[in-house]
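Written out below as structure tokens is the structure these notes cover.
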Number of protein chains: 2
Amino acid sequence: MPKVVDHDERRREIAAATWRAIDELGVDGTTMRAIAERAGCTIGRLNHYFDSREDMLVAALRYAHVRAGARMLTAIEGRSSSDALRAVLLEALPLDDERYTEWKVWLTFWAQALNTESLRNEHRQRYLEWHLLVSTLVADAAPSLSKVAVQQAADSLLATVDGLGIHVLMSPAAGAKRQAIRTIDTALATVLG
Amino acid sequence: MPKVVDHDERRREIAAATWRAIDELGVDGTTMRAIAERAGCTIGRLNHYFDSREDMLVAALRYAHVRAGARMLTAIEGRSSSDALRAVLLEALPLDDERYTEWKVWLTFWAQALNTESLRNEHRQRYLEWHLLVSTLVADAAPSLSKVAVQQAADSLLATVDGLGIHVLMSPAAGAKRQAIRTIDTALATVLG
DNA sequence: TCTGTTACGCAACATCTGATACGTAACGTG
DNA sequence: CACGTTACGTATCAGATGTTGCGTAACAGA
């Protein structure tokens, strides 16, 4: 067994570079050359660790997913359920550079998913987890709600977050961000009473 | 002045063909060849009426915009303001094939707009009109609301519609559609009391 | 009918793309 | 110290793409 390298680590590096390329250039501009440039290697290495460009795109999506998931857990830690719910929803919005970039990646993949079944599955997977997290928090924060009402509230909150995210993405002014926070708060007030 | 043809009509035809190509193939797959095929002409004609491919994409976006605008006006006609509000919001969702396709085009352009200033402006324009329409209807339907509350309600409704649209787009099952309608109705109940 | 202009099909081109094939250097193992 | 395997840089290729330029046919106006 010669020349041993951390396979997973390399793949993660490449996924991160792909992620950066998508952020800077859009998915169209994310060519093998662009990724290699950002990963600080040659195309040879990319092809060594991934079978195709599409596999690298999926890896970038998963990478963004893992990042976001970790942030959500941090946001929940040590908060009451209603505080945690608000924190999680706000954490999901593109309010700073990191999350703005993350949203660019999401949006890019949504569009790409329209014509790629594997990406659509990837998205549905993420959405289920995300829905489960929010509905759990809603149930904790408003124990008097029926199961159906909890689901309904979660659906409504998730839709609001996604819509606001897109809006901020297209008009990333400070005003739009403040407005988004206000909208989340009124939505929460409606749900939690 | 020889061989006179309706310039605008030709451009509209090409825009419609571009629209169809985006629907079927995604924006990446929308090549000059693909558009020409759908328009029933050769690439020569495309280049005769548009300076570049990007111009044709913008034209397709405007075409979709015009279509949607016309549908909205039809939906309002002869309804009370609160009925009209509901009709307009539902009309904005991807609940049938035509509107599903339209949403594919929107989503595609949102993603594209992330790296194209001209498309972002195009979107903001559309969003302003759309926001104005909804907030006007809200003001009519709930005259007791303050100006600020009307704006807030409109923001919330628009975000909900956009979020639901994306969700239906990714999971176009009948269940998701019914769920979306229910979410719109609860949002309306909240706003209009 | 003649003429100048417009419409647009056709073919060619330079560019860029993802993928492959090959060569070499690094290194764990015997 | 070989030896065999892995890592990956380099060169190359076939295919696709947007754009350009040329040639021709159609037609309004004189």
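Every chain is numbered from 1, with letters handed out A, B, ... down the list of sequences. Computation of the quantities below employed the complete heavy-atom set of this structure, encompassing side-chain atoms and omitting hydrogens, waters and symmetry-equivalent molecules.
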Open item on the list: Using a 6.0 Å distance limit plus a 45 degree cone around the ring axis, check whether B:Arg11 lies over the aromatic ring of B:Phe50.
Closed with: yes
TODO: Quickly work out the B:Asp6 CG to C:dT6 P distance and round it to whole Å.
DONE: 17 Å
Open item on the list: What is the separation between atom CE on A:Met56 and atom C1' on C:dT17, rounded to the nearest whole Å?
Closed with: 13 Å
Open item on the list: Please tell me whether A:Tyr49 and A:His7 form a close aromatic pair, meaning their ring centres lie under 6.0 Å apart.
Closed with: yes
- [ ] Classify the side-chain pair A:Asp155/B:His167 by whether it contains a donor and acceptor separated by less than 3.5 Å.
- [x] no
- [ ] Measure from CG on B:Asp51 to C1' on D:dT20 and round the result to the nearest Å.
- [x] 13 Å
Open item on the list: On DNA chain C, does the nearest nucleotide to B:Asn47 precede the nearest nucleotide to B:His7 from the 5' side, or the other way round? Give the residue.
Closed with: B:His7
Dump the pairs, protein N or O against N or O of nucleotides 15-17 of chain D, anything under 3.5 Å, distances to one decimal.
none

- [ ] Give a yes/no answer on whether the side chain of B:Arg10 brings an N or O atom under 4.0 Å of OP1 or OP2 in C:dA7.
- [x] no
TODO: Select base, sugar-phosphate, or nothing to describe what B:Ile43 touches, counting heavy atoms under 4.0 Å on all strands.
DONE: base
TODO: Looking only at side-chain atoms of A:His48, point me to the closest of C:dG9, C:dA7, D:dC8.
DONE: D:dC8
TODO: Take the protein atom CZ of A:Arg45 and the nucleotide atom C1' of D:dA11, then report the distance between them rounded to whole Å.
DONE: 19 Å
Open item on the list: Taking ring pair (Phe, Tyr, Trp, His ring centres under 6.0 Å) as the definition, give me every residue that meets it alongside B:Tyr100, ordered by chain and number, with sequence neighbours left out.
Closed with: none
Open item on the list: If you assign each of B:Gly44 and B:Thr30 to its closest nucleotide in DNA chain D, which residue comes earlier from the 5' end?
Closed with: B:Thr30
TODO: Please determine, for the side chain of A:Tyr49, which listed nucleotide (C:dC8, C:dG9, D:dA7) has the closest atom?
DONE: D:dA7
Task: Ion pair check, B:Arg126 and B:Glu129, cut-off under 4.0 Å - done: no
Open item on the list: Assess whether a salt bridge exists between B:Glu9 and B:Arg12, defined as any Lys/Arg side-chain N lying under 4.0 Å from an Asp/Glu carboxylate O.
Closed with: yes
TODO: Could you check how far CD of B:Glu37 sits from P of C:dC10, rounded to whole Å?
DONE: 14 Å
- [ ] Assess B:Arg38 against B:Trp19: is NZ or CZ under 6.0 Å from the centre of the six-membered ring, and within 45 degrees of the ring's axis?
- [x] no
Open item on the list: Measure CD/A:Glu54 against C1'/C:dT17 and give the value in whole Å, please.
Closed with: 15 Å
